[in-house]
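Every chain is numbered from 1, with letters handed out A, B, ... down the list of sequences. In this text, all values refer to a predicted model and were calculated from it rather than measured experimentally.
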Amino acid sequence: MKTLIIALLLICLMPASGQAGDIVTRSFSEDVPQGEKVLSNVEHKALIAEFLDPLDSGIGKDIAHLLWREILSAISDQSGAGAILARAPEGERLLDLLERDYHTAAIRIAEHQDGRMAIWGAAFEKGEIVYINSHLSLVEATRSNKIVFKVRRSSGFADQRGDIELTLPRTKFNFPLVISSRDALFRRPLMIDRTTNVRAAANRNAEKIGQFKKGDVAQGLDLRNGWFKVSLADNQTGYVIATNIKLAPLFALIDKKRINLRFEPVVSADTLAFNSNIKGRFRILQQRFNGNRMWYQIIFNDRPVWIAASLTETEYSQPVVHFVAGLYRYFGGRNRDAIREFQRFIDFPGADHSNVNLSVSYQYQALSSLFAGERTSVNQQYLRKASVQTPFDATPYKIEALSWIGERRGVEQIQETLIKINELEPDLEKFQNFKQTLHKVIGMPLGGS
Amino acid sequence: MNRLLNLVLGSLLALPALSIELTGKAVHHLSGEIISNADVYLTSENLTSSSPVTRTNAAGEFTITTDTPFELRIVHNDYEEFTLVALSQPDQPWVCELIGKDDIQLTAEEKSLLRSHKSPNGDALFIFPYRLNLPDSDLAGFNDLIAFNLDMAINTHLQTISDHEIYVELLPADLANRGNRTELYGKELNALALISGIGRNQPNGDLSISSKFRIVPGRSGVIYVLDQFPKALVAQAALSDKMNKLWGDSTFLSITIRQVEQASAGASVDTNKLQQAKISLLDFKRDLPKGSQNLVRKIDALLNRINEGLGS
């Protein structure tokens with residue numbers, strides 16, 4: 001009898017997971033490994049390696065420069081994020097390493113320069129056409145996501161806290177072939193980032209023939225060996241070094257019901273279209289930062305107009321730029337931006353993504369959504385899509401289990417999800433560890449196996 | 001191993017089933033002599049034939065109706081059986097080249113030519129230069145690029161699921177020009193797989209390329225892939241992304257199954273090798289797309305076999 005009373009008492013005292021008014025917060029734990037050796041001023045760093053160039057046309061170097069400037073532009077508003085060109089460890093040659101060992105070499109190169117990831121690949125140029133195969137290699141530490149759960153109870157029970165380690169299994173990515181042209185890639189507006197000399201030839205010793213100031217916009221014609229060829233007045237051309245350039249995205253994607261298109265990049269400017277319904281993919285002519293906003297200039301109804309960048313989605317030259325930008329946003333806690341970047345990757349026109357890359361993108365969207373405090377139903381949309389792409393992967397279900405923590409009827413849902421994880425997770429010990437950690441956070445025993 | 005590999009390879013072809021009527025012709029691979037009264041065995045998603053479904057007639061021909069993907073075996077007493085796994089409908093009549101038992105010996109000259117290319121560890125894919133209707137200089141460039149692209153595509157794919165590594169070697173043209181003797185060279189080269197291809201110009205200017213990926217050892221596990229793309233893309237020699245993945249997966253499975261066989265072959269079981277094979281297979285399985293249930297069943301059967309070897 002005494003035992004029964006105690007048992008009943010314990011049941012009454014046991015906190016129920018998921019009460020109306022409970023507040024659940026989730027974040028990376030402070031001791032998450034950020035990469036083996038990371039420079040203190042740049043927490044999230046990517047290395048871009050010269051692309052392999054079997055036809056020896058120089059395009060490998062040009063693609064690397066292009067991606068470097070585009071990635072920097074894509075993450076320019078994120079502190080602690082950077083990208084540099086890769087160099088080989090002493091005594092070794094970058095292209096030889098990559099051609100021999102591919103991802104293994106890329107990871108070694110990233111670690112050598114204290115980076116989180118390396119972007120590399122192969123490029124071919126034949127006549128007008130450029131073919132690009134790009135790859136991404138993440139250092140091992142990026143795999144681990146140590147997530148801290150804090151459940152602040154509304155019901156008078158003790159608050160709950162726990163750390164759950166979720167390992168995303170993939171660190172090596174192969175992206176689909178991109179077929180483009182020099183014109184499509186390099187003929188574009190260049191935003192001058194600092195005072196830069198214009199030279200008669202593509203080298204530092206060439207005659208100086210002009211100068212651009214920070215904020216100027218130049219018309220780029222081509223990119224070779226780290227120098228942009230630009231058009232000047234009177235049909236002249238010159239060269240500016242790529243390191244002083246910011247690249248706007250190639251396209252602005254607009255799908256808004258009430259949007260203003262202005263003649264100048266300022267809120268008070270006259271409008272061509274006011275509160276209008278605009279949908280389309282527009283080539284960006286230039287970008288400008290004005291009045292605490294970024295603006296893009298596009299052509300609409302044959303007229304140049306400006307639109308606030310925040311009202312658009314953007315598209316760069318290759319899907320890898322968006323995938324990498326998505327990772328930066330995710331690592332940097334810019335959750336809603338991460339969701340958008342991965343969506344840009346998924347929707348990249350003409351890209352024949354592998355099922356694995358799509359699944360990983362949806363998983364990162366789900367995790368970002370989790371950290372952004374979205375409803376579980378929103379997370380589930382991403383996770384369903386991930387499961388469709390890789391139906392034999394337990395990871396989407398693990399993320400789903402985490403998203404139910406603190407939700408009303410969360411325990412029941414978690415138990416159902418655990419059954420699925422048990423079917424798919426081949427390592428019994430990992431499964432049991434995951435379940436036990438969930439139990440600690442929730443504060444209730446779980447079935448599911 | 002051959003049977004197991006065939007069964008698994010056959011399940012890689014997770015494409016929509018295509019119902020086809022196929023006419024084939026069995027010939028001797030050197031002389032072209034017709035092989036009549038050979039047994040034809042067929043295995044597809046819906047059929048596993050333990051007895052022949054038909055026989056080759058006096059003209060060496062046979063006709064079958066089946067769904068892709070399918071596996072075909074032709075067996076005749078005087079000849080080694082011919083086995084292949086078909087990805088898509090091949091040109092017809094489909095010429096099946098059987099090697100006579102008397103032809104298996106390589107000449108001293110052939111052995112001498114092959115010796116310098118032999119793979120010490122059995123981790124090489126050899127390409128016999130493709131035979132395409134291109135100017136010689138373009139053809140040389142195409143074949144160089146094929147080797148580069150395949151090495152990169154297959155290895156980067158392998159690296160996402162395992163620690164396996166292979167290298168791709170383009171063999172000299174004088175070996176390729178020995179016609180169908182190339183089929184015998186796999187064992188001598190200690191090759192993991194042999195790749196070759198032929199092309200035909202289409203009336204619209206496109207190039208139609210038929211590539212063959214043959215797993216060694218043994219004469220099993222041949223995968224045919226038919227590609228057709230504009231001549232302008234020939235320069236890039238990428239072939240199709242899907243084919244690269246298919247060949248990458250086939251390479252992975254060949255290596256892994258060989259790993260399992262080797263681990264179990266000795267006096268005592270090599271548990272480290274089995275454990276490595278298990279980890280790779282689990283990673284491979286995790287990345288499989290929708291519609292792979294058949295392949296998953298076979299992978300699970302292989303995993304069960306590994307677990308038995310591990311005593312778990």
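The closest side-chain heavy-atom distance from A:Pro169 to B:Arg286 is below 4.5 Å. The shortest distance between side-chain heavy atoms of A:Glu99 and B:Met152 does not fall below 4.5 Å. B:Lys290 places a side-chain heavy atom less than 4.5 Å from the side chain of A:Val388. Within the 4.5 Å cutoff, no side-chain heavy atoms of B:Thr160 are placed close to those of A:Phe173.
A salt bridge links A:Arg170 with B:Asp287: the closest approach of a Lys/Arg side-chain nitrogen to an acidic carboxylate oxygen falls below 4.0 angstrom.
The backbone N or O of B:Thr156 sits less than 3.5 Å from a side-chain atom of A:Asn174, completing a donor-acceptor pair.
Atom CZ of B:Phe148 and atom CZ of A:Phe124 lie 5.0 Å apart (nearest 0.5 Å). Annotation: the span from B:Glu165 atom CD to A:Tyr102 atom OH amounts to 10.0 Å, rounded to 0.5 Å. Within the model, atoms CD of A:Glu425 and CG of B:Leu282 stand 9.0 Å from one another, a figure rounded to the nearest 0.5 Å. Distance CG/B:Leu288 to CG/A:Asp393: 10.5 Å, rounded to 0.5 Å. To the nearest 0.5 Å, atoms CG (B:Leu145) and NZ (A:Lys126) are separated by 8.0 Å.
For a residue to count as touching a neighbouring chain, one of its non-hydrogen atoms must lie under 4.5 Å from one of that chain's; by this rule A:Val356 touches chain B with the side chain only. For A:Ala394, no part lies near chain B; criterion is any non-hydrogen pair under 4.5 Å. For A:His103, the parts lying under 4.5 angstrom from a heavy atom of chain B are both the backbone and the side chain. Neither the backbone nor the side chain of B:Asp144 comes within less than 4.5 Å of any heavy atom of chain A. A:Asn355 touches chain B through its side chain: at least one heavy atom from C-beta onward sits under 4.5 Å away, while N, CA, C and O do not. When heavy atoms are compared at a cutoff of 4.5 Å, A:Leu98 does not approach chain B at all.
Residues B:Asn149 and A:Tyr131 bring no donor and acceptor atom of their side chains to less than 3.5 Å of each other.
Counting heavy-atom pairs closer than 4.5 Å to chain A, the top residue among B:Asn155, B:Asp283, B:Leu303 is B:Asn155.
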Check your understanding: Under the side chain to side chain contact (heavy atoms under 4.5 Å, CB included) criterion, do B:Gln159 and A:Thr104 qualify, and how do the steps go?
Key -> CA-CA 8 Å; B:Gln159 285 178 339; A:Thr104 309; 3.2 Å; yes
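Residues A:Pro391 and B:Pro289 approach most closely at CD-C, 3.9 Å, considering heavy atoms.
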